[in-house]
Protein chains: 2
Amino acid sequence: MPAEDVHPVAPQCGDCPIRHRAVCARCEADELDLLEESKYYRSFEAGQTVIWSGDRMDFVASVVSGIATLTQTLEDGRTQMVGLLLPSDFVGRPGRETAAYNVTATTDIVMCCFRKKPFEEIMLRTPHIAQRLLEMTLDELDAAREWMLLLGRKTAREKIASLLAIVARRDAAIHLRYPEGTMTFDLPLTREAMADYLGLTLETVSRQISALKRDGVIELEGKRHVTVPDFDRLMSEAGDDSDGGFLP
Amino acid sequence: MPAEDVHPVAPQCGDCPIRHRAVCARCEADELDLLEESKYYRSFEAGQTVIWSGDRMDFVASVVSGIATLTQTLEDGRTQMVGLLLPSDFVGRPGRETAAYNVTATTDIVMCCFRKKPFEEIMLRTPHIAQRLLEMTLDELDAAREWMLLLGRKTAREKIASLLAIVARRDAAIHLRYPEGTMTFDLPLTREAMADYLGLTLETVSRQISALKRDGVIELEGKRHVTVPDFDRLMSEAGDDSDGGFLP
DNA sequence: CGTTCTCTTGAAATCACTCAATTTATGTGG
DNA sequence: CCACATAAATTGAGTGATTTCAAGAGAACG
């Protein structure tokens, strides 16, 4: 099997699983037809690099399924995750030639791509796309700023608790539940990826997860399957207000 | 003199100093006329809070002159700056009821405000505004992600050097110079504000500035006036590539 | 069954923080 | 103009959280 597959079957936009949340969410049928013409699917295997920072990038894309990360690095190799791409999230910037971040598939991933030029032209003619993209970008900016508070001011324990709370909430949202009481979910990230997300070393991540387990804040089954007996307790460990914002 | 003045003289948009960089940058004359109708100026004194996180916010605004900060805080008072508002920057989010951050004037500041409802309606009809706002938001997102790398992975010394480099570059851009060789500028922030920006304590900021001075990376005249004898040296202290991005 | 990758745990070192005292700059009222 | 108060910044000593370096356990895979 090839590591990167350029032409998996691309379904009709009408049948697309991310149709109602992606950059095309507000498009009318005729607007979808325009997009349909210049779209193509690409898939990547877990661990593969989708694009390197600085490389020429002549497409933009929506994540259809799977998870990818955006990371930045310093010369000496220190790396910081700066974004997490989930299904329906958008990659790339209209009007920019080169990629600003490394994009890496952490699971097998399928992306719905549009060549940049045609996409930019379509965007000029269909305000619905630009409107939705603005909305998504503003949401990302809010998320980035929440993350900055975490990186700059939270302790290692609070960082871990915050990440667990984010994943728990997102999982609840997917299953249309309200985040409270006992919650169970799988961590979609390795310890190393968690460390890159949180600005910690992987050893510290491991230690703090052990500590939260020892203190009864979480229970573990294997390395990845987490049970949170009391979501409010987790939230207070995260240092946030219990009324904290939602990331649906 | 009142601390907050609701009706200073608002000049015609055509004479506006931030006309070519603000959210209205791409507007045609007739589009400006629309904005002109619902705009009003407000000014705040240095140190004043413009708006509290969570408060109802029924306007959006552009900074005309002065500097303000966006900050987030944890319950116990730890605070992290998440944005720095300079002239032409935009505050507020169309389609949102309440403020997501504390906005504080760090110098005397003048803002060009629009009531939210009318602004949203104008935005629907004039794609030029939405286009420009998207562009500005994408720029802010890039800046936030650069900042995340700093917060998560840089040492205290690198953080200080990075901040000095940012201010130096911005100052150079204002004076239409290329950032290189010897540069001189004023710090627009107190040590405490720098600490909130960098995710450090003010004592650490003070110590690292002293260290950079001792090592000849910078020279100080008073507390705020900085000379950088060798910009490349400063850049390498910041841990970035010397080709680092611009924040004009 | 060995190899590899992920994760955990321990011990020592380091970086930044906390607490505390002092200096410098700025402003105010007598 | 001086004395005093206040705010901003510096510096020192000690502590503590996180990293670094190192070793080993557990799971996955050919």
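Proteins come first, then strands; the chains are lettered A, B, ... in the order of their sequence lines, and each starts at number 1. Atom set for the values below is all heavy atoms of this structure, side chains included, hydrogens, waters and symmetry mates excluded.
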Any pair counted as salt bridge (Lys or Arg N to Asp or Glu O under 4.0 Å), so long as it reaches residues 51-65 of chain A, sequence neighbours left out
A/R56-A/E97
I need the [atom1]-[atom2] distance between [X] and [N], as an integer number of Å.
{"X": "B/E192", "N": "C/dT18", "atom1": "CD", "atom2": "P", "answer": "13 Å"}
{"X": "B/K159", "N": "C/dC15", "atom1": "NZ", "atom2": "P", "answer": "14 Å"}
{"X": "B/I160", "N": "C/dC15", "atom1": "CD1", "atom2": "P", "answer": "16 Å"}
{"X": "B/L200", "N": "C/dA16", "atom1": "CG", "atom2": "C1'", "answer": "8 Å"}
{"X": "A/R224", "N": "C/dT8", "atom1": "CZ", "atom2": "C1'", "answer": "15 Å"}
{"X": "A/Q208", "N": "C/dT9", "atom1": "CD", "atom2": "C1'", "answer": "13 Å"}

Residues in contact with DNA chain C, drawn from residues 149-156 of chain B - heavy-atom cutoff 4.0 Å
B/T155, B/A156
For DNA chain C, find the residues of residues 209-220 of chain B with a heavy-atom distance under 4.0 Å and give them by number; none if there aren't any.
none
Quick check against the 3.5 Å criterion: does [X] have a side-chain atom that pairs as donor or acceptor with the backbone of [Y]?
{"X": "A/K154", "Y": "A/A238", "value": "yes"}
{"X": "A/N102", "Y": "A/S53", "value": "yes"}
{"X": "B/D215", "Y": "B/V217", "value": "no"}
{"X": "A/R224", "Y": "A/D186", "value": "no"}
{"X": "B/T73", "Y": "B/R78", "value": "no"}
{"X": "A/T182", "Y": "A/P229", "value": "yes"}

Heavy atoms only, 4.0 Å cut-off, all strands: where does A/G47 land among base, sugar-phosphate and nothing?
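Since no nucleic acid heavy atom lies under 4.0 Å of A/G47, the category is nothing.
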What contact category does B/T190 fall into here, base, sugar-phosphate, or nothing, at under 4.0 angstrom with non-hydrogen atoms?
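Sugar-phosphate, no base atom in range.
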With sequence neighbours excluded, tell me which residues meet salt bridge (charged side-chain N to carboxylate O under 4.0 Å, His left out) with [X].
{"X": "A/D142", "result": "B/R93, B/R96"}
{"X": "B/R233", "result": "B/E237"}
{"X": "B/D89", "result": "none"}

Using a cutoff of under 3.5 Å, can you pull out all pairs of nitrogen or oxygen atoms linking the protein to nucleotides 20-25 of chain C, with atom names and distances?
none

Under the side chain to side chain contact (heavy atoms under 4.5 Å, CB included) test, which residues partner B/K223, sequence neighbours left out?
B/R191
C/dT8 OP1/OP2 closer than 4.0 Å to side-chain N/O of A/S206
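Answer yes for this pair, as a side-chain N or O of A/S206 is under 4.0 Å from OP1 or OP2.
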Report, one line per pair, each donor and acceptor closer than 3.5 Å where one atom sits in a side chain of residues 192-209 of chain B; sequence neighbours left out.
| unit_1 | atom_1 | unit_2 | atom_2 | d |
| --- | --- | --- | --- | --- |
| B/D196 | OD1 | A/R153 | NH2 | 3.3 |
| B/D196 | OD2 | B/T79 | OG1 | 3.3 |
| B/T201 | OG1 | B/T204 | N | 3.3 |
| B/T201 | OG1 | B/T204 | OG1 | 3.0 |

Look at A/R145 together with B/E140 and state whether they make a salt bridge at an N to O cut-off of under 4.0 Å.
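So A/R145 pairs with B/E140 through a salt bridge.
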Ion pair present between A/E180 and A/R169, side-chain N to carboxylate O less than 4.0 angstrom?
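Salt bridge absent between A/E180 and A/R169.
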Quick one: side chains of residues 104-111 of chain B, donor-acceptor pairs under 3.5 Å with protein atoms, not counting sequence neighbours, listed by atom name and distance.
| unit_1 | atom_1 | unit_2 | atom_2 | d |
| --- | --- | --- | --- | --- |
| B/T106 | OG1 | B/I67 | O | 3.2 |
| B/T107 | OG1 | B/I67 | N | 2.9 |
| B/D108 | OD1 | B/A46 | N | 2.7 |

Could you tell me, to 10°, how much the axis swings from one end of the helix from C/dC1-D/dG30 to C/dG30-D/dC1 to the other, five pairs per end?
30°
For a 4.0 angstrom threshold against heavy atoms of chain B, report the outermost contacting nucleotides of DNA chain D in 5' to 3' order.
D/dA9 to D/dA13
Hey, does A/H225 have a side-chain heavy atom less than 4.5 Å from the side chain of A/L220?
no
Going by modelled atom types, is there a donor-acceptor pair between the base of C/dT14 and the side chain of B/R157 at under 3.5 Å?
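Answer no: no donor N or O sits under 3.5 Å from an acceptor.
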